[in-house]
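First the structure, in the form of structure tokens, and then the observations on it.
In the text below, chain A, chain B and the rest are named by the order of the sequence lines, each starting its count at 1. Side-chain atoms are counted along with the backbone in the values below, which use heavy atoms only and exclude waters and symmetry mates.
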2 protein chains.
Amino acid sequence: MPGAKRSRTTNSGPRWALASQAERFRSARAAHADETAEDYAEAIADLIAREGSARVTALAACLGVSHVTVIRALARLSRGGLVVVMPYKGVALTRAGRALAARAKHRHGVVLAFLRALGVPARVAETDAEGLEHHVSPATLRAMERFVKR
Amino acid sequence: MPGAKRSRTTNSGPRWALASQAERFRSARAAHADETAEDYAEAIADLIAREGSARVTALAACLGVSHVTVIRALARLSRGGLVVVMPYKGVALTRAGRALAARAKHRHGVVLAFLRALGVPARVAETDAEGLEHHVSPATLRAMERFVKR
DNA sequence: ACGCTATTGTAGCCAAGGCTACATGGAGGT
DNA sequence: ACCTCCATGTAGCCTTGGCTACAATAGCGT
Ligand SMILES: [Mn+2]
Ligand SMILES: [Mn+2]
Ligand SMILES: [Mn+2]
Ligand SMILES: [Mn+2]
């Protein structure tokens with residue numbers, strides 16, 4: 001008979017498969033939790049470098065969200081000790097914030113250069129890099145760097 | 001004087017930079033919106049293939065979330081016409097659901113094979129692929145396939 | 001036939017990340 | 001000095017995606 005009835009606890013595949021698959025999903029969810037902080041830190045550092053200051057409105061335009069969304073995100077990052085908000089003056093990065101921005105910027109650059117080296121068109125590479133970067137582990141990042149340097 | 005005061009509308013960098021950066025962030029957010037559907041479709045198809053049915057409990061174990069989370073996600077996917085839930089029997093994929101699962105599974109496979117080919121250790125590759133897959137555009141996917149086939 | 005146990009479902013909580021509409025504040029230009 | 005405009009902040013709403021605790025039910029084994 002088809003779908004031969006197996007006792008309720010039996011399951012064909014390898015015993016470790018399910019648990020470690022769950023771990024993979026957990027990792028992806030954890031990456032998403034860090035994503036906002038990374039993107040904000042990088043955007044703030046860029047704005048300060050390019051315009052001398054990072055204003056809430058500029059951040060909103062840059063990230064493609066409303067200023068309200070930025071204000072609330074900054075409040076969270078501030079509680080987390082990554083930024084200092086100076087109303088009507090701009091947002092500054094703390095030491096930890098600058099460190100995060102530097103790591104994010106570096107990784108972003110590597111991922112982008114990697115995609116370009118792979119032969120992905122510039123515009124597409126730029127778009128994909130913005131999402132991919134947050135899921136690139138240190139080991140994969142090293143592999144990408146190796147590849148970029150031929 | 002340092003930080004030479006620029007008129008309020010001036011901004012150094014290229015004029016198009018901000019808007020298109022916003023577009024990149026919007027794309028990444030859009031990818032996240034599809035992520036749950038893709039992962040669920042793929043997991044359901046896998047469970048059906050491996051065990052003959054996809055039960056809520058099995059999905060929860062597989063995805064690393066509580067059964068409540070699965071039930072609610074399935075309700076949304078059901079409203080979206082991707083799955084049909086048959087209580088105490090299992091979850092079935094609709095035609096659209098099967099198509100999504102097939103695309104997701106293929107892309108996942110390519111991303112994983114690509115990382116392996118790049119020299120990323122198996123465990124790390126499996127973990128990274130779970131998050132990366134959702135941000136790989138068709139153009140990048142093709143580039144990865146090309147690379148895997150040397 | 002009946003009870004146990006595992007599966008499924010509900011209620012209600014939380015945080016994040018979006019939004020619009022409206023309120024307040026700063027600062028430049030007149 | 002003051003007006004006006006823009007930047008900032010608040011109130012309140014929504015959806016997604018987590019969770020725990022508890023309720024209901026299917027179906028197996030006795
Ligand atoms: Mn980035
Ligand atoms: Mn990003
Ligand atoms: Mn992602
Ligand atoms: Mn995935």
Side-chain angles (χ1 to χ4, degrees), chain A residues 5-11 22 25-40 43-44 47 51 53-80 82-92 130-131 134, chain B residues 5-11 22 25-40 43-44 47 51 53-80 82-92 130-131 134:
Chain A
K5 181 183 303 183
R6 34 174 84 77
S7 101
R8 65 166 64 201
T9 55
T10 300
N11 86 34
F25 285 111
R26 278 186 228 278
S27 291
R29 289 196 294 268
H32 285 156
D34 299 336
E35 179 156 351
T36 301
E38 291 169 357
D39 285 338
Y40 272 74
I44 291 166
L47 283 172
E51 312 193 1
S53 75
R55 307 295 298 267
V56 168
T57 304
L59 271 170
C62 172
L63 299 170
V65 297
S66 74
H67 77 279
V68 183
T69 297
V70 171
I71 286 171
R72 283 211 325 203
L74 289 178
R76 232 171 313 110
L77 298 184
S78 177
R79 284 200 300 277
L82 292 175
V83 306
V84 176
V85 183
M86 297 166 303
Y88 294 97
K89 287 187 55 187
V91 183
E130 196 57 71
H134 310 283
Chain B
K5 180 182 301 179
R6 33 173 85 78
S7 100
R8 68 167 61 201
T9 55
T10 299
N11 87 36
F25 284 111
R26 277 185 228 278
S27 291
R29 289 196 292 269
H32 284 154
D34 300 335
E35 179 157 350
T36 302
E38 291 169 356
D39 286 337
Y40 272 75
I44 291 166
L47 282 172
E51 312 194 2
S53 76
R55 309 296 298 264
V56 168
T57 303
L59 271 170
C62 174
L63 299 171
V65 296
S66 74
H67 78 278
V68 182
T69 296
V70 171
I71 285 172
R72 283 207 329 196
L74 289 177
R76 232 173 310 110
L77 298 184
S78 178
R79 284 199 302 275
L82 292 174
V83 306
V84 176
V85 182
M86 298 165 303
Y88 294 97
K89 288 187 54 189
V91 182
E130 195 58 70
H134 310 284

R29(B) (side chain) and dG18(C) (base): donor-acceptor pair under 3.5 Å: no
Rounded interatomic separation in angstrom, taking CD1 from I71(A) and C1' from dG12(D): 15 Å
dG17(C) OP1/OP2 closer than 4.0 Å to side-chain N/O of T36(A): yes
Spacing of E35(A) atom CD relative to dA16(C) atom P, expressed in whole Å: 15 Å
Candidate nucleotides dG9(D), dT8(C), dG18(D), ranked by approach to the side chain of H67(B) - the nearest: dT8(C)
Rounded interatomic separation in angstrom, taking CG from L77(A) and C1' from dA16(C): 12 Å
Separation between CD of E38(B) and NE2 of H134(B), rounded to the nearest 0.5 Å: 5.5 Å
Any S66(A) side-chain N or O less than 4.0 Å from OP1/OP2 of dC19(C): yes
T69(A) side chain, from C-beta outward: closest of dC19(C), dG18(D), dT16(D): dC19(C)
Pairwise distance CG(L47(B)) to OH(Y40(B)) - rounded to 0.5 angstrom: 11.5 Å
Sugar-phosphate, base or nothing in reach of R72(A), heavy atoms under 4.0 Å: base
Spacing of CG belonging to L74(A) relative to CZ belonging to R72(A), to within rounding of 0.5 Å: 11.5 Å
Sugar-phosphate only, base, or nothing, as touched by T57(A) at under 4.0 Å among non-hydrogen atoms: sugar-phosphate
Length of the line joining R79(A):CZ and dG17(C):P, which is rounded to integer Å: 11 Å
First encountered from the 5' end of DNA chain D, between K89(B) and Y88(A): Y88(A)
Integer-rounded Å distance: dA26(D) P and M86(B) CE: 15 Å
From dT8(D), dT7(C), dG18(C), nucleotide with atom closest to R55(A) side chain: dT8(D)
Interatomic distance where CZ belongs to F25(A) and P belongs to dG18(D) [whole Å]: 11 Å
Approximate separation, where rounding is to 0.5 Å, of I44(A) CD1 and L63(A) CG: 8.5 Å
Straight-line distance of E130(A) CD to R26(B) CZ, nearest 0.5 Å: 12.5 Å
Whole-Å gap separating C1' (dG9(C)) and CG (L59(B)): 16 Å
Nearest-nucleotide pick for V68(A), side chain only, options being dA21(C), dG9(C), dT16(D): dA21(C)
Nucleotide dA16(C), atom C1' - distance to CG of D39(A) in whole Å: 15 Å
